[in-house]
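Step one of this worksheet: look at the structure below.
Each chain gets a letter, A, B and so on, in the order its sequence line appears, and its residues count up from 1.
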There are 2 protein chains.
Amino acid sequence: MTPMNRAKATPPTNLRYAVAVDLVVFTIRDRRLCLLLVERDIPPFQGAWALPGGFVLPDEDLREAAYRELAEETGLGSGVHLEQLATYGAPTRDPRGRTISIAWLALSPDAAEPVAGSDASRAQWWPVDHIDSATLAFDHARIITDGLERARAKLEYSPLGAAFCPPEFTVAQLRAVYEAVWGQHLDPRNFHRKVTKSPGFLTPTGAMTNADGGRPAQLYRRGVIDVLNPPITRS
Amino acid sequence: MTPMNRAKATPPTNLRYAVAVDLVVFTIRDRRLCLLLVERDIPPFQGAWALPGGFVLPDEDLREAAYRELAEETGLGSGVHLEQLATYGAPTRDPRGRTISIAWLALSPDAAEPVAGSDASRAQWWPVDHIDSATLAFDHARIITDGLERARAKLEYSPLGAAFCPPEFTVAQLRAVYEAVWGQHLDPRNFHRKVTKSPGFLTPTGAMTNADGGRPAQLYRRGVIDVLNPPITRS
DNA sequence: CTCGTTATCGTGTGATTGACGATAAGGCCA
DNA sequence: TGGCCTTATCGTCAATCACACGATAACGAG
């Protein structure tokens, strides 16, 4: 046995790799689920669309790095839900050398216009069904697929649909989130009953809104729980 | 802006970190949920119990590294369910220098006696409720907590309870898995109905066993689905 | 043959779901 | 002002599902 694979001994520099974070940022725009992509202006994959991201700095926690990159690309920061998605580290995923990337899933209200960062000529929201997987940089198509699957699953058993909404929102707004993410129509009456009866999911503010034209609707805020029981089911 | 935080440029060596995999390996022994720990025989944390794991080799995929470490510590390999849990990378989590660790969740049938690896004097199965979190090396207590939570959740909506069982098993064996992982008693009759009616969860082999003393039981094999609908609920 | 053990099938009650009717409460326009 | 469109919210009904538990089946031990 060589010293190299002697686990938990300090590794030499040839066993150290670049470590990055990549962000799968979703929002709802125009009743459609959209993803933030940046256009790369440096090789490799120059000109291709990619997930926003960057390398982890020496004194930075992984979550901090993700928040920093998110702020750099969107101007957003607090109020955005951020959770680890998965880590991608195939030896050849980056032609420049071995890179380990920790992907994060972010859910944002439709607030900020994206800002082009230092390494990207443009940043733009893309409706998820208009993204051409084949042209994406690195293994980002795979990461996006995983992020989509996670987001869709999370809506079922967590109150994270509200992460797409402003701090105060109506049941109809929340329903629009579910419909956009799942790509299916939901019955307004049954949806209303489910989410308002689900203990801890929503807390009414008392205020009403009539922004949507019809009868004024109750405004709600996110509740205190972080697991939905019973879940909101699709199909 | 320095070249250092210019995202997606090749990073200099001071921006490269050690990358490891750590394994949270569960099994059921004696109707209790057990976790594989190794006793460290080198600093830091010499003499403390830790998760098995080691550094990722240059040409190795992350999953490969996890499988290799699993084989080194347990002799097991195929037949064990292995999925990514999360990645831990706090700047100070390893006193020797910055280390990013990709934790994997493994579910194993009660088959192999653990084997002490090169870096550990002993490897041993521990009942999860006998583990003293305070004495564990690194941030492994946190990783174990996350692994436990994941395992408990996965039993609800995935057929992975069967990953704790031998290739052919009875409903009672499967129920024992659920009871051990969730730490609660389940009604044998309702459990039997749920799992046998859940489409694709179990496929009967036709053979029977009478190993448990009472009426002979049907043997089943894992079904083909990977998401349980409806889920098996606790409480 | 009886008893203890485990497996498996049924059954009844109460809760939940999904489809959909009914009503409430605003704005718009003649 | 009153019709009409829109959206919100409540109610109803049948089908389904959950859970608690009774009943029966099929073995081994004594």
ask   = Contact class for A/T209 vs. all strands (heavy atom < 4.0 Å): base, sugar-phosphate, or nothing?
value = nothing
ask   = Rounded to the Å, how far apart are A/H192 NE2 and D/dG11 P?
value = 11 Å
message = I want to confirm an ordering. Mapping B/P230 and A/M208 to their closest nucleotides on DNA chain D, which one lands closer to the 5' end?
response = A/M208
message = Within the 4.0 Å heavy-atom criterion, would you say B/T233 contacts the bases, only the backbone, or no part of the nucleic acid?
response = sugar-phosphate
ask   = Mind checking whether B/F138 and B/F45 have ring centres under 6.0 Å apart?
value = yes
key: Start and end of the DNA chain C segment that chain B contacts, any atom under 4.0 Å from a heavy atom   = C/dT5 to C/dC9
inquiry  = What I'd like to find out is whether the side chain of B/W104 reaches to under 4.5 Å of the side chain of B/L82, using heavy atoms alone.
reply    = yes
Acceptor/donor pairs from residues 196-203 of chain B side chains to any protein atom, 3.5 angstrom cut, sequence neighbours excluded:
from   : atom 1 : to     : atom 2 : distance (Å)
B/T196 : OG1    : B/H192 : O      : 2.6
B/T196 : OG1    : B/R193 : O      : 3.3
B/T203 : OG1    : B/R221 : O      : 3.4

ask   = So, B/Y220 versus B/F169, ring centres under 6.0 angstrom or not?
value = no
key: Salt bridge present between A/R63 and A/D61 (N-O < 4.0 angstrom)   = no
ask   = What do you reckon, are the aromatic ring centroids of B/F26 and B/F164 less than 6.0 Å apart?
value = no
ask   = Rounded to the nearest Å, what distance is computed from the CZ atom of residue A/F191 to the P atom of nucleotide D/dT7?
value = 16 Å
query = With A/D129, which residues qualify under side-chain contact (heavy atoms from CB on, under 4.5 Å), at least two apart?
reply = A/P127
For atom NZ of B/K194 and atom C1' of D/dT16, their distance in whole Å = 14 Å
ask   = Stepwise, does the side-chain contact (heavy atoms from CB on, under 4.5 Å) test hold for A/S158 with A/D226?
value = CA-CA 6 Å; A/S158 87; A/D226 46 24; over 6 Å; no
message = Measuring from atom CD1 of A/I28 to atom CG of A/L33, what distance do you get when rounded to the nearest 0.5 angstrom?
response = 5.0 Å
Can you give me the N/O atom pairs linking the protein to nucleotides 12-15 of chain D at distances under 3.5 Å, or say none if there are none?
from   : atom 1 : to     : atom 2 : distance (Å)
D/dT12 : O4     : A/R193 : NH1    : 3.4

ask   = Looking at CZ of B/R93 and OH of B/Y88, how far apart are the two atoms once the value is rounded to the nearest 0.5 Å?
value = 9.0 Å
Could you go through nucleotides 24-30 of chain D and list every protein N or O atom that sits under 3.5 Å from one of its N or O atoms, giving the distance for each pair?
from   : atom 1 : to     : atom 2 : distance (Å)
D/dA25 : N3     : B/R215 : NH1    : 3.2

inquiry  = Quick check on DNA chain D: between B/R234 and A/R175, whose nearest nucleotide comes earlier from the 5' end?
reply    = A/R175
message = What is the separation between atom CG on A/D187 and atom P on D/dG11, rounded to the nearest whole Å?
response = 16 Å
task = Kindly indicate whether the side chain of B/R189 and the base of D/dG22 share any N or O donor-acceptor pair separated by less than 3.5 Å?
result = yes
Sequence neighbours left out, cut at 3.5 Å: what donor-acceptor pairs do the side chains of residues 227-235 of chain B make with other protein atoms?
from   : atom 1 : to     : atom 2 : distance (Å)
B/T233 : OG1    : B/K194 : NZ     : 3.2
B/R234 : NE     : B/E156 : OE2    : 2.7
B/R234 : NH2    : B/E156 : OE2    : 3.1

